[in-house]
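Numbering starts at 1 and runs along the sequence shown. Because only heavy atoms are used, hydrogens play no part in the values below, and waters and symmetry mates are left out as well, while side chains stay in.
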Amino acid sequence: MKNIIEKLILFFSIFFIVSCDPDVSGENVTLEPLEFGFTVNEDTTQHTLGDTIYFNSEIPNSYNLDNGKVSLFFSVVVAPGVDTITNPNQIKEAIENIDYKMIKIHGDIEYHSSIEGYMRQIFLNPSRTDSLHFEYAFIPLREGVYHFSFANSFYQGTNGKARTSAMFNVINPNWNLIKISSVSIPNPSDKGYFKGYLFAVFE
């Protein structure tokens, strides 16, 4: 069981990742960035246990990528049994088949090597198609608040190397579900405001 310090590290590492970009200097980037916008269907603050929520993004394959790997760091945590997050100690890693199910429609999933079932990133191996397409169906398996976050990564293959980024194409990411007195949640004008997304799940 994680102690409070470890919980704080987990929370803040995910919370502040929304405003962090990788330093591309010395990374041999040769292509313009690949920027993904993910729709959420159904996009609402509250869901019922067992609902299916779809995350979807599709952009043109402008560089005719036909090999390599397009990666996006993607993390999911959950605060079980609450309707708002008021303390970092409520947060735990969301584990597949315990806290949720994730159905791959387009794209794949990579998990942390040290935490079984905890997502590290989503990725796809492009072929010479007209688009680069991510699509997943997420099914929450417990009540509580789920927090999703993106962080930038890279495409790398024989076509070259490009920075990748993603955001949620929603009107409201529901940051109001975090109410920790010592933490200022992002504002709409903040760079990382749409890199995070939350919803609450009830029975």
Side-chain angles (χ1 to χ4, degrees), residues 13-25 27-44 47 52-77 94 96 100-112 118-140 146-175 186-199:
S13 66
I14 292 169
F15 187 83
F16 287 112
I17 206 168
V18 299
S19 61
C20 297
D21 288 334
D23 181 3
V24 298
S25 61
E27 292 286 350
N28 299 317
V29 170
T30 59
L31 303 173
E32 291 298 310
L34 301 174
E35 299 176 342
F36 293 86
F38 279 76
T39 59
V40 182
N41 188 19
E42 180 181 8
D43 176 20
T44 180
H47 286 281
T52 301
I53 301 98
Y54 293 91
F55 297 95
N56 184 47
S57 182
E58 187 171 9
I59 65 171
N61 186 2
S62 303
Y63 300 119
N64 294 317
L65 306 180
D66 58 3
N67 65 82
K69 186 176 182 180
V70 178
S71 301
L72 292 167
F73 286 114
F74 184 63
S75 180
V76 186
V77 297
E96 190 165 21
Y100 69 91
K101 289 183 180 178
M102 189 84 152
I103 300 170
K104 298 177 288 187
I105 302 171
H106 294 281
D108 214 325
I109 300 170
E110 181 179 309
Y111 299 90
H112 281 266
Y118 180 44
M119 273 191 287
R120 178 176 181 269
Q121 65 178 8
I122 57 176
F123 69 92
L124 57 85
N125 302 112
S127 58
R128 194 175 289 277
T129 56
D130 293 336
S131 65
L132 303 174
H133 189 188
F134 288 99
E135 186 175 4
Y136 302 88
F138 182 92
I139 304 171
Y146 286 80
H147 178 203
F148 306 82
S149 59
F150 283 114
N152 297 353
S153 187
F154 295 96
Y155 159 76
Q156 190 161 6
T158 59
N159 303 96
K161 187 174 184 180
R163 174 186 284 194
T164 60
S165 65
M167 59 181 290
F168 291 99
N169 280 343
V170 296
I171 296 173
N172 183 1
N174 304 319
W175 287 107
N187 295 311
S189 59
D190 292 337
K191 184 178 181 180
Y193 184 72
F194 289 102
K195 286 194 174 184
Y197 183 76
L198 301 95
F199 57 68

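Under the ring-ring contact (aromatic ring centres under 6.0 Å, His included) criterion, Tyr136 pairs with no residue at all, not counting sequence neighbours. For Asn174, the side-chain hydrogen bond (donor to acceptor under 3.5 Å, both in side chains) partners two or more places apart in sequence, or in a different chain, are Thr45. Every residue meeting the side-chain hydrogen bond (donor to acceptor under 3.5 Å, both in side chains) condition with Tyr111, not counting sequence neighbours, appears here in chain and number order: Glu96. Applying the side-chain hydrogen bond (donor to acceptor under 3.5 Å, both in side chains) rule to Glu58 yields the partners Ser131; only residues at least two apart in sequence or on another chain are considered. Here Phe74 pairs with Phe150 under the ring-ring contact (aromatic ring centres under 6.0 Å, His included) rule; sequence neighbours left out. For Lys161, the side-chain hydrogen bond (donor to acceptor under 3.5 Å, both in side chains) test picks out Glu27, with sequence neighbours left out. Listed by chain and residue number, Thr129 satisfy the side-chain contact (heavy atoms from CB on, under 4.5 Å) test with Ser127 (two or more places apart in sequence, or in another chain). For Phe138, the ring-ring contact (aromatic ring centres under 6.0 Å, His included) test picks out Tyr100, Tyr146, Phe148, with sequence neighbours left out. Checked against side-chain contact (heavy atoms from CB on, under 4.5 Å), Asn187 has the following partners two or more places apart in sequence or in another chain: Ser189, Asp190. Remark: Thr44 pairs with Glu42, His47 by the side-chain contact (heavy atoms from CB on, under 4.5 Å) rule, at least two apart or across chains.
In summary, the side chains of Asn159 and Asn67 do present a donor paired with an acceptor at a separation below 3.5 Å, with no hydrogens or angles considered.
Here the side chain of Ser153 pairs no donor or acceptor atom with the backbone of Thr164 at under 3.5 angstrom. Put simply, the side chain of Ser57 gets close to the backbone of Gly37: a donor and an acceptor are under 3.5 Å apart.
Pairing each heavy atom of Thr30 with each of Gly160, the nearest pair is OG1-CA, 3.3 Å. The two atoms that bring Phe194 and Val170 nearest to each other are CE2-O, 3.1 Å, heavy atoms only. Residues Asn152 and Ala166 come closest through the heavy atom pair OD1-N, 4.3 Å. Minimum interatomic distance between Ala137 and Tyr54 (heavy atoms only, all atoms of both residues): CB-CE2, 3.6 Å. The minimum heavy-atom distance between Pro126 and Gly68, with the atom names listed, is CD-O, 3.4 Å. For the residue pair Trp175 and Gly196, the shortest heavy atom distance occurs at CZ2-CA, 3.7 Å.
Partner of Phe36 under the ring-ring contact (aromatic ring centres under 6.0 Å, His included) criterion, out of Phe55, Phe168, Phe134: Phe134 alone.
How far CZ of Phe38 is from CD of Glu135: 10.0 Å, rounded to the nearest 0.5 Å. Between Tyr63 atom OH and Glu32 atom CD the span is 5.0 Å, to the nearest 0.5 Å. Atom CG in Leu72 sits 13.0 Å away from atom CE in Met167 (nearest 0.5 Å). The distance from the CD1 atom of Ile122 to the OG atom of Ser75 is 11.5 Å, given to the nearest 0.5 Å. His112 NE2 to Gln121 CD: the interatomic distance, rounded to the nearest 0.5 Å, is 9.0 Å. Distance CG/Asn125 to CG/Leu132: 11.5 Å, rounded to 0.5 Å.
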Report, one line per pair, each donor and acceptor closer than 3.5 Å where one atom sits in a side chain of residues 102-109; sequence neighbours left out.
residue : atom : partner : partner atom : Å
Lys104  : NZ   : Asp108  : OD1          : 3.1
His106  : NE2  : His133  : ND1          : 3.4

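Screening residues 60-72 for salt bridge (Lys or Arg N to Asp or Glu O under 4.0 Å) gives Asp66-Arg128, Lys69-Glu110 as the qualifying pairs, with residues at least two apart or on separate chains.
Looking at heavy atoms from C-beta onward, Val77 lies in side-chain contact with Tyr118 at the 4.5 angstrom threshold.
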Point to revise | Stepwise side chain to side chain contact (heavy atoms under 4.5 Å, CB included) test for Tyr155 and Val29 | key: CA-CA 9 Å; Tyr155 159 76; Val29 170; over 6 Å; no

